[in-house]
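Working notes for the structure below.
Order of the sequence lines fixes the chain letters, A, B, ..., with proteins taken first and strands second; residue numbering starts at 1 for each chain. Quick note: numbers below take in every heavy atom, side chains included, and nothing from hydrogens, waters or symmetry partners.
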Amino acid sequence: MAEGTEEPGDALWEALVALLPSTKEDLKLDLGEKVDRGVALLLRQVVGLFHGGRRAECLQASEAVLDYAWERLNTGPWQDVDKAWRQVYAFGCLLKALCLCQPPREPTAVAAALRVCDMGLLMGAAILGDILIRVVAVLQAHLVSGKRPDCSPGQELPSLKKAKRDHVSAPDMRSERAVPRLRCPSLQHFRKYFLLPGRPVVLEGVADHWPCMKKWSLDYIQEVAGCRTVPVEVGSRYTDEDWSQHLMTVSEFISKYITKEAKDVGYLAQHQLFDQIPELRRDISIPDYCCLGSGEEDEITINAWFGPAGTVSPLHQDPQQNFLAQVVGRKYIRLYSPQDSEALYPHETHLLHNTSQVDVENPNLEQFPRFAEAPFLSCILAPGEILFIPVKYWHYVRALDLSFSVSFWWS
Amino acid sequence: MAEERLGSWFGFGFCGFGQEPGSGCRHQVLSPEPLQAGGDIRHVSASWSYTTLVTRGGRVELSGSTSGSAGGCRDAWASEGLLVLLRDSPGSQTELQAWAPSSALCGEPLWAQDPEADGAELGAEAQMVMLPLLPGARAYTWTAGPWDTGGRTGAKAAGGTAGPAHGPGGSGGLALETRDLYIWGWNESGQLALPTRSLAEDKRTVTGEGLNQDGSEVERAARAEGGASAPFIAVQPFPALLDLPLGSEAVGASCGSRHTAVVTRTGELYTWGWGKYGQLGHQDSTSLDRPCRVEYFVEKQLQVKTVTCGPWNTYVYAVENRNG
C-alpha cells in the first residue's frame, strides 16, 4: 500500500459514511420471507465484511449478490419481478459503491461507483430512505470539485444550433388538418371539450415559463447529468430488428449520437430521468390539468425524450392520458383516433399490439390500403407548448431538430 | 460386461458459501478439483448456495449455506427453497421427501409422499434416478433432471415439459434426441453457443473464424453494412440443432443458470456460456459463446462420464482412461 494515498480525513469517505445509518445494525434490509435464505445469509455476510474492514472480500460478496439478484431481475416480465429482488440489487450496488470509494482508492473509483449507483437506481428499488440518490449527490459533488476523467467528452460542446446538422425534412402540412390550439384554457373547459370526449389539443401558455424552457441546453444537461448512466435506444425505430438498448453516460450519448454525425440513431427515450436526477425535476412542473384525473400525483409517470433530429416513434397508442411538453426543438406529430384503429393495422403479437404496422410518412398502401383514408390531425410542437394526447389515441412522432420533450402519463 | 471402473467427482465454479469444492476457504475455483468428500459419490445436485452429494451407500451430504447428512437416500434434488430427497421408507418402498434446506435434515420433512409412477425411473445400472415432476410444487418449475442422464441410449426429449429452465436465470434448455443436441432460450452470456453481442463488445468472443493473421481476434461486425441483419442472437425462441466441434457426439448435458456443459461419447467435456466464477473450468473467468473443451480432463487422461451443473458451478464424474 503506497504511502500517503490514504489522506487523513478523506472528505469523500467521511461524507459517504455520514449517509449510512447511525447504528451498524441498521445497515440491513428487512425482506422477510420474500428472498431465499441463501441470499439473506450473503447480505449479512456482506455487511459484516464491510464493518470488519475486509474490503476485497466485501467487494467479492457484493458482486455475488448483484449477480444473483440480476438473474432474478431478468426472469420473467419486469412487472412481475418482486420488489424485494430489486431492493437486494440496490443494496448490492450500495455496498459495492462504498467498497470502491473506500480509501485508498483507484483514480477511476468515483466514476465507477457513480455508475454502480445509477445501475441501482435504474434496476433497483429504493432502500434505506432512497440512500442511493444521496450517495450519487456526494459522488457527483466530489467529481465536480476534483478532476473529472470520465465526465467531459474532452471536446468543445457546440451550441444547440450547431449540433448534428442532419437534413431532416419538415413535412408539407398544407393538406393536413391541424390539432386545435388553446391558450391557457380553464380546467372546466379542458375537461368538458377535450378530456371527456377524448380530443387532442395543443395547450399554449401553460408550460412556457417552466425553468427548463430557459435553462436546458446541451451545456446545462452535460453539466448536471453528464456523468450519469442512462438507457439509450439505438436503431431507427423500436419495431426494427436491429433495434437495441445500451447503457451509457449522458456525456457519451451526447458525443456519440448528438454532436457527431452518427451512423445510427440514438434516442434517450421513455426514461424516468427525473426520478434519477432530482435536479432536473426541479426545472419542470406537473400540468395542473392532471388533477382532473382520478390518480394520485405520485402515480404520474414522467418520462424524458432526448435525442437528435430524426428520431421516430412509430404510430402507437398508450393506456393512459398524456401531456407531451416540448422543451427544446420541434417535433412533427400525427394523431389518429382509436375509432379508426382497424385502418391502422396494429401488429397481431401481444408485445406489439399497441403499435401500428404502417410507416406513417412512407406507408405501403398495397399492404395497408385502408390507411390512405384514415383521418388524422397533425401539428408541429414547438418549445413551450404541450400536446394533450387522449388515452389510446394513436400518435406518431418525428423530431425535426435536436429535441428534448417531457411526457406526463396520468389517469 | 466391462468391469466398472471407479471414478471420481470433480467440481469447479462458484463456492462462495463454502460448498464443494471450496470447503470454506475460497470464493470460486477456476479449474476442476477433486471433491473433498471422496470417491463414493454417485449423484450430485447443486443449488446456488449449497450442494448435495448422494453416496453409493445411500448417504446424502450437504455443504455450503446448509450442512447436515442423512441415510437411506437414493437421490436428491437441491434448490434454494426446497431440498427434495428420494428415500427408502420402511417396507422397501421409496418416498419423496421435501425439506427446508435450513433444516440440515433434522426433524421432519415439510411433506412426504409416494413418487408418481410416470416419470420416476430407475436406470439400468440403478445409477441415476430421474426425479418425477409433481404438479403444484414450486420446486419442479425448474429442473436439471431430464437432460443429464448420462447412460441413456436414444434419450427422448421430455416432451411434456415445456421450456425447461435451469436455475433462476431460466436460460438455455437442452434436449438429447437420438443424440442430437438442441438448444433454446436466453443467450445473453453465450450459453446457447450462439454469438452474443455482450461478449463481442467485451472483445471476449472466441469466434468461429479464430484469429486474424496478425493474431488479433476477428471481431464480428455489430452492424453489417447495407442494412443486413446483425448476426447476434439474444434469444433463441425455438430449439435449434447445435453441432459440437469435430463432430463429437453428445451423450450427456446439463445447464447452469447461464452456462452449459456437454459430455461426449469419447469422454470429453465441453463447456460454454457465462464463466465469471470459473464454472467453465478453463482456468479463467472468461465467458464464451461457443463450445470449448475442458483440457483438464484430457491432460489428466480422464474420461468424463457425467456432468451436472449448479447455477454457477459444474460437477463432473470421470474415470481413468483405460489406455492410460
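- Neither the backbone nor the side chain of B/Tyr50 has a heavy atom closer than 4.5 Å to any heavy atom of chain A.
- In this structure the side chain of A/Asp36 never reaches within 4.5 angstrom of the side chain of B/Trp48, judged on heavy atoms.
- Against chain B, the residues from residues 41-55 of chain A that qualify, each with a non-hydrogen atom under 4.5 angstrom away, are A/Leu41, A/Leu42 in number order.
- Donor-acceptor pairing under 3.5 Å is recorded for the side chains of A/Glu71 and B/Trp312.
- In this structure, the side-chain contact (heavy atoms from CB on, under 4.5 Å) partners of B/Ser49, at least two apart in sequence or on a different chain, are B/Phe17, B/Ser65, B/Glu80.
- Between B/Tyr277 and A/Ala64, the shortest heavy-atom contact is OH-CA, 3.4 Å.
- Few gaps surround CD on A/Glu361; more than 12 heavy atoms of other groups in view lie less than 6.0 Å from it.
- Neither the backbone nor the side chain of A/Asp240 comes within less than 4.5 Å of any heavy atom of chain B.
- Within 6.0 Å of NZ on A/Lys256 lie no more than 12 heavy atoms contributed by other residues, nucleotides or ligands.
- Environment of CG in A/Leu365: crowded, with over 12 heavy atoms of neighbouring residues, nucleotides or ligands closer than 6.0 Å.
- For a residue to count as touching a neighbouring chain, one of its non-hydrogen atoms must lie under 4.5 Å from one of that chain's; by this rule A/Glu63 touches chain B with backbone and side chain alike.
- A/Asn74 places none of its side-chain heavy atoms less than 4.5 Å from the side chain of B/Arg258.
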